[in-house]
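Please read all numbers here as calculations on a predicted model, not as lab measurements. Proteins get letters first, then strands, A, B, ... in listed order; numbering begins at 1 in each.
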2 protein chains.
Amino acid sequence: MKIAEVSEKYGLSLDTLRYYERIGLIPTVTRTPNGIREYGEMDIKRVEFIKCMRGAGLPIEVLIDYVALVQVGDSTVEARKEILKEQRELLAAKITDLQKTLELLDYMISVYENKILTKEQGII
Amino acid sequence: MKIAEVSEKYGLSLDTLRYYERIGLIPTVTRTPNGIREYGEMDIKRVEFIKCMRGAGLPIEVLIDYVALVQVGDSTVEARKEILKEQRELLAAKITDLQKTLELLDYMISVYENKILTKEQGII
DNA sequence: ATAACACCTGGAGTTAGCTCAAAGTCAAGG
DNA sequence: CCTTGACTTTGAGCTAACTCCAGGTGTTAT
């Protein structure tokens with residue numbers, strides 16, 4: 001798969017994909033003899049993973065560390081698990097937070113709706 | 001309430017509070033005769049609101065618009081409600097997204113746990 | 001064979017959202 | 001009286017994460 005297809009498929013710009021590669025997030029992309037990137041199955045999976053994690057706000061730094069450990073091999077399984085667990089907890093906390101904000105928004109919207117209704121009915 | 005107390009109470013830096021004021025997020029802070037900020041009850045409420053919304057990732061731009069409408073008065077109730085509704089939908093979608101990512105993290109962690117267990121048991 | 005197109009590189013530029021620094025004012029304590 | 005400390009302003013600086021640009025190479029279509 002060439003870079004344009006990957007870009008299209010995952011909604012990441014060409015620049016972003018190349019950027020991710022040069023900072024070490026997708027360091028394994030092979031090249032054709034004339035230097036063109038050819039994303040293999042594993043690269044695609046990694047793009048998917050990175051996109052998902054970035055979408056959840058995991059910092060690039062953390063992902064770089066994680067990917068570097070993957071490159072090292074099986075000896076880093078424990079360390080990798082710890083990174084994921086830590087990020088999992090952060091994410092869970094964040095979701096709880098967002099849900100509270102969502103409730104507040106719903107409440108405020110309902111207040112506005114009552115306000116409008118009251119006005120329409122000429123009450124007050 | 002002086003700025004240091006507000007900062008302490010809500011975990012926003014002095015600089016951030018002054019920044020929020022100068023960009024129009026908390027435009028109503030009164031001053032003592034010698035120019036010191038004195039946050040009133042409404043200002044405190046607004047700080048709380050802004051902090052909450054920023055925590056959920058609502059862009060400052062949107063909040064500026066919202067706050068500006070509040071300043072205008074009752075005629076903008078409908079427009080304000082629309083802003084909140086739009087942001088509510090975005091937030092709800094985001095939460096759904098994060099939950100999927102959370103599940104993926106949980107799955108990956110469980111895979112790592114099995115891997116480690118298998119290794120400990122000497123199977124494979 | 002020449003133009004258009006997709007790709008490449010290295011490095012600079014951009015955006016959001018703060019964060020800091022310098023220089024100044026004012027009130028209280030030793 | 002002088003220093004300390006909390007406040008003030010303006011404007012510059014910073015970080016994360018892209019995003020763009022200039023100049024170059026290689027393949028494809030007319």
Side-chain angles (χ1 to χ4, degrees), chain A residues 1-40 43-44 46-47 49-68 87 90-91 94 97 101, chain B residues 1-40 43-44 46-47 49-68 87 90-91 94 97 101:
Chain A
M1 225 179 182
K2 275 189 287 183
I3 196 166
E5 301 171 73
V6 179
S7 166
E8 173 72 16
K9 185 164 177 186
Y10 293 101
L12 296 168
S13 77
L14 302 173
D15 275 321
T16 298
L17 284 168
R18 290 193 274 250
Y19 168 69
Y20 282 173
E21 186 175 339
R22 94 178 140 196
I23 63 174
L25 281 185
I26 319 157
T28 54
V29 185
T30 53
R31 306 294 183 104
T32 66
N34 37 29
I36 307 273
R37 287 172 180 82
E38 180 59 41
Y39 289 76
D43 301 317
I44 301 289
R46 177 149 312 162
V47 169
F49 172 67
I50 297 295
K51 196 202 165 168
C52 185
M53 295 301 141
R54 283 295 305 128
L58 274 72
I60 279 190
E61 267 296 315
V62 171
L63 296 173
I64 289 173
D65 290 353
Y66 178 83
V67 167
Q87 294 304 314
L90 290 173
L91 183 54
K94 185 166 163 182
D97 242 53
T101 303
Chain B
M1 225 178 182
K2 275 189 288 182
I3 195 165
E5 301 172 72
V6 179
S7 166
E8 174 71 17
K9 185 164 177 187
Y10 293 101
L12 296 168
S13 78
L14 303 173
D15 275 322
T16 298
L17 284 168
R18 290 193 273 250
Y19 168 69
Y20 282 174
E21 186 175 340
R22 93 176 140 198
I23 62 174
L25 281 185
I26 319 158
T28 55
V29 185
T30 53
R31 305 295 182 103
T32 68
N34 38 30
I36 308 274
R37 287 172 181 82
E38 180 59 41
Y39 289 76
D43 300 317
I44 303 289
R46 175 148 316 159
V47 168
F49 172 67
I50 297 295
K51 195 202 166 168
C52 184
M53 294 302 141
R54 283 294 305 129
L58 273 73
I60 279 189
E61 268 295 314
V62 170
L63 296 173
I64 289 174
D65 289 353
Y66 178 82
V67 167
Q87 294 303 314
L90 290 172
L91 183 54
K94 185 167 163 181
D97 241 54
T101 303

- Quick one: is C/dC20 close enough that its OP1 or OP2 comes under 4.0 Å of any side-chain N or O from B/Tyr19? no
- Nearest of D/dC18, C/dC8, D/dC7 to any side-chain atom of A/Ile60? D/dC18
- Closest to the A/Ala4 side chain, choosing from C/dC7, D/dT8, C/dC8: C/dC7
- Item | Rounded interatomic separation in angstrom, taking CD from A/Glu21 and C1' from C/dC8 | 11 Å
- Mind calculating the distance between CG (B/Leu17) and P (D/dA6) to the nearest angstrom? 16 Å
- Item | Heavy-atom donor-acceptor pair, A/Lys51 side chain to A/Leu12 backbone, under 3.5 Å | no
- Message: Nearest whole Å is fine: how far is C/dA16 C1' from B/Ile50 CD1?
- Response: 16 Å
- Assign A/Asp15 to base, sugar-phosphate, or nothing according to its heavy-atom contacts below 4.0 angstrom with the strands shown. base
- Item | D/dC18 OP1/OP2 closer than 4.0 Å to side-chain N/O of A/Tyr20 | yes
- Query: Looking for any heavy atom pair under 4.0 Å, which part of the strands does A/Ile3 touch: base, sugar-phosphate only, or nothing?
  - Reply: sugar-phosphate
- Item | Minimum-distance nucleotide (side-chain atoms of B/Arg22 versus D/dC18, C/dT19, C/dC8) | C/dT19
- Using whole Å, report how far CG of A/Leu25 lies from C1' of D/dC18. 12 Å
- What distance do A/Leu25 atom CG and A/Met53 atom CE have between them, rounded to the nearest 0.5 Å? 12.5 Å
- To the side chain of B/Thr16, which of D/dT19, C/dT19, C/dC8 is closest? C/dT19
- In this structure, CG of A/Asp43 is separated from CD1 of A/Ile26 (nearest 0.5 Å) by 7.5 Å
- Message: At 4.0 Å (heavy atoms only), tell me whether A/Arg37 reaches a base, stays on the sugar-phosphate, or touches nothing.
- Response: sugar-phosphate
- May I ask you to verify if any side-chain N or O of B/Arg31 is less than 4.0 angstrom from the OP1 or OP2 atom of C/dC26? no
- Item | Which nucleotide in D/dT9, D/dC7, C/dT9 has an atom nearest any side-chain atom of B/Ile36 | D/dC7
- Message: Tell me if the aromatic rings of A/Phe49 and A/Tyr66 count as close, with their centers under 6.0 Å from one another.
- Response: yes
- Task: Please state how far atom NZ in B/Lys2 lies from atom P in C/dC26, giving the value in whole angstrom units.
- Result: 15 Å
- Item | Value rounded to 0.5 Å, distance of CD1 in A/Ile60 from CD1 in A/Ile23 | 4.0 Å
- Starting from C1' on D/dT9, measure out to CD1 on B/Ile23 and report it in whole angstrom. 17 Å
- Note on the structure: On DNA chain C, more 5' by nearest nucleotide between B/Pro59 and B/Asn34 is B/Pro59
- What integer distance in Å separates A/Leu14:CG from D/dC21:C1'? 14 Å
- In whole angstrom, what separates A/Glu38's CD from D/dG26's P? 18 Å
- Which heavy atom in A/Val67 sits nearest to a heavy atom in A/Gly24, and how many Å separate them? CG1-O, 3.4 Å
- Does B/Arg18 put a side-chain nitrogen or oxygen below 4.0 Å from OP1 or OP2 of D/dT8? yes
- Message: With a 4.0 Å cutoff (strictly under), does any side-chain N or O of A/Arg54 reach OP1 or OP2 of D/dC18?
- Response: yes
